[in-house]
Amino acid sequence: ADGRKRKLGRWRLNDRGGELVPADSFKTLPAQEKEAGGKLEAQCHCGGVKFYITRPNDASKKVRSPYPDLMVPFQLHSSANPENKTWWLRDNDTKYLAGTCACTSCRLTLGSEIQTWAFIPKCNIFQEDGSPLEFKMGTLKSYESSKNVWREFCGVCGATVFWHCEFRPELIDVSVGLLDPNEGARVERWLDWWTGRVSFSEM
């Protein structure tokens, strides 16, 4: 069978004709998994793009990035981060920051008012076979949505996958809707959601 057609389970549609997976079939992960590590799988609708994310590690702390508009509005304050505070790591460096964006570019490429992103170091994103992230894997396509800013999407089903840019190349925005958690769509065993504002809410 074509491995691309195999859907991940849980809250997605299953392989038996499109019915929703029952809520009581969710598995609660043991608490020790949070400490032990593990990996979080992800894929687009057609399965042409598959990857996984690992828990934060020492390499995650060496990434450099200014603050995102999610936390500090570019229009009002400097987003510089001279001390390189690792704002993308949360909950004693066991989770990643996630939030929502309403910028014009996200809205036009997604076709919806809000895009959900998780901020993941590139060193913690791996292709299905375990090799480091490549922006040419599977059916992944790249689009330069503005100068030195790229968005990746599946060339078959059109799913939004990544956002990355020249000024913080080692920190990637990952589309949360592709993640396949055991506990539900917000992936809260892996992500800490910023609720203070929506990125570019002024738009």
Side-chain angles (χ1 to χ4, degrees), residues 3-4 6-12 26-68 70-71 81 84-101 115-140 142 150-154 159-165 167-194:
R4 280 177 34 189
R6 183 183 64 84
K7 299 274 193 292
L8 295 175
R10 332 279 203 261
W11 59 277
R12 288 201 172 82
F26 290 178
K27 297 177 181 177
T28 301
L29 299 180
Q32 62 266 28
E33 197 223 0
K34 178 179 176 182
E35 314 302 326
K39 63 183 184 180
L40 177 62
E41 294 181 314
Q43 75 171 46
C44 65
H45 185 268
C46 72
V49 176
K50 291 183 180 181
F51 59 96
Y52 66 86
I53 292 165
T54 58
R55 290 283 183 184
N57 53 23
D58 287 341
S60 312
K61 302 173 185 177
K62 296 177 182 176
V63 172
R64 301 196 68 83
S65 173
Y67 286 100
L70 179 71
M71 303 176 86
N81 185 10
N84 199 46
K85 293 188 177 180
T86 55
W87 53 263
W88 52 93
L89 301 179
R90 313 290 288 179
D91 197 13
N92 296 315
D93 299 339
T94 62
K95 296 181 181 182
Y96 299 107
L97 183 69
T100 52
C101 184
Q115 166 69 50
T116 55
W117 293 117
F119 300 93
I120 313 290
K122 190 176 180 182
C123 61
N124 296 106
I125 306 172
F126 296 88
Q127 297 181 75
E128 187 181 21
D129 65 2
S131 56
L133 173 64
E134 294 274 347
F135 293 118
K136 295 182 179 179
M137 64 178 177
T139 56
L140 198 66
S142 188
W150 296 272
R151 294 172 180 274
E152 276 72 38
F153 63 97
C154 174
T160 295
V161 183
F162 302 122
W163 180 100
H164 70 285
C165 65
F167 66 86
R168 58 168 170 91
E170 298 305 312
L171 187 62
I172 311 299
D173 292 16
V174 176
S175 187
V176 174
L178 276 63
L179 304 179
D180 187 55
N182 279 303
E183 77 277 11
R186 287 193 304 237
V187 203
E188 291 177 320
R189 287 187 183 272
W190 286 76
L191 304 179
D192 181 43
W193 287 86
W194 187 265

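All residue numbers in this chain count up from 1 along the given sequence. Since this is a predicted model, take the numbers as computed values, not measurements.
- Closest of all the heavy-atom pairs between D93 and P56 is O-CB, 3.3 Å.
- In this view, A118 and A98, I120, V176, L191 satisfy the side chain to side chain contact (heavy atoms under 4.5 Å, CB included) rule, not counting sequence neighbours.
- Considering only heavy atoms from C-beta on, W87 stays 4.5 Å or farther from L70 through its side chain.
- Across all non-hydrogen atoms, the minimal contact from S65 to W88 is CB-CZ3, 3.8 Å.
- For the pair D173 and R168, the salt-bridge criterion is met [side-chain N within less than 4.0 Å of a carboxylate O].
- With sequence neighbours excluded, the residues that form a side chain to side chain contact (heavy atoms under 4.5 Å, CB included) with R64 are N84.
- To the nearest 0.5 Å, atom CD of residue Q115 and atom OG1 of residue T100 are 10.0 Å apart.
- Between Y52 and F126, a ring centre-to-centre spacing shorter than 6.0 Å is recorded.
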Going through the checks in order, is the side-chain contact (heavy atoms from CB on, under 4.5 Å) test met by D192 and D91?
-> CA-CA 8 Å; D192 181 43; D91 197 13; 5.6 Å; no
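- The NZ atom of K136 sits 9.5 Å away from the OG atom of S142 when rounded to the nearest 0.5 Å.
- Residues F162 and F51 are in side-chain contact: their nearest non-hydrogen atoms beyond the backbone lie under 4.5 Å apart.
- Under the 4.5 Å side-chain criterion, counting only non-hydrogen atoms from C-beta, V187 is in contact with L179.
- The OH atom of Y96 sits 4.5 Å away from atom OG of S60, with the distance rounded to the nearest 0.5 Å.
- K62 has its side chain out of reach of E170: every pair of non-hydrogen atoms, C-beta onward, lies at least 4.5 Å apart.
- Here the CD1 atom belonging to I53 is positioned 7.5 Å from the CH2 atom belonging to W190, to the nearest 0.5 angstrom.
- For the atom pair R55 CZ and K95 NZ, the distance stands at 8.0 Å (nearest 0.5 Å).
- Checked against side chain to side chain contact (heavy atoms under 4.5 Å, CB included), K85 has the following partners two or more places apart in sequence or in another chain: Y67, N81, E83.
- When the salt bridge (Lys or Arg N to Asp or Glu O under 4.0 Å) test is applied to E188, the partners found at least two apart in sequence or on another chain are R186.
- For the side chain to side chain contact (heavy atoms under 4.5 Å, CB included) test, residues two or more places apart in sequence or in another chain that qualify with Q127 are D129, S131, E134, M137.
- Considering OG1 of T139 and NZ of K50, their distance stands at 10.5 Å, rounded to 0.5 Å.
- For the pair F135 and I172, the tightest heavy-atom approach, listed with the atom from each and the gap, is CZ-CD1, 4.0 Å.
- At least one donor-acceptor pair closer than 3.5 Å links the side chain of N57 to the backbone N or O of A59.
- Residues K61 and L89 are in side-chain contact: their nearest non-hydrogen atoms beyond the backbone lie under 4.5 Å apart.
- Of all the heavy atoms in T160 and L178, the pair that sits closest is O-CD1, 3.2 Å.
- The side-chain hydrogen bond (donor to acceptor under 3.5 Å, both in side chains) search around T54 returns N124, not counting sequence neighbours.
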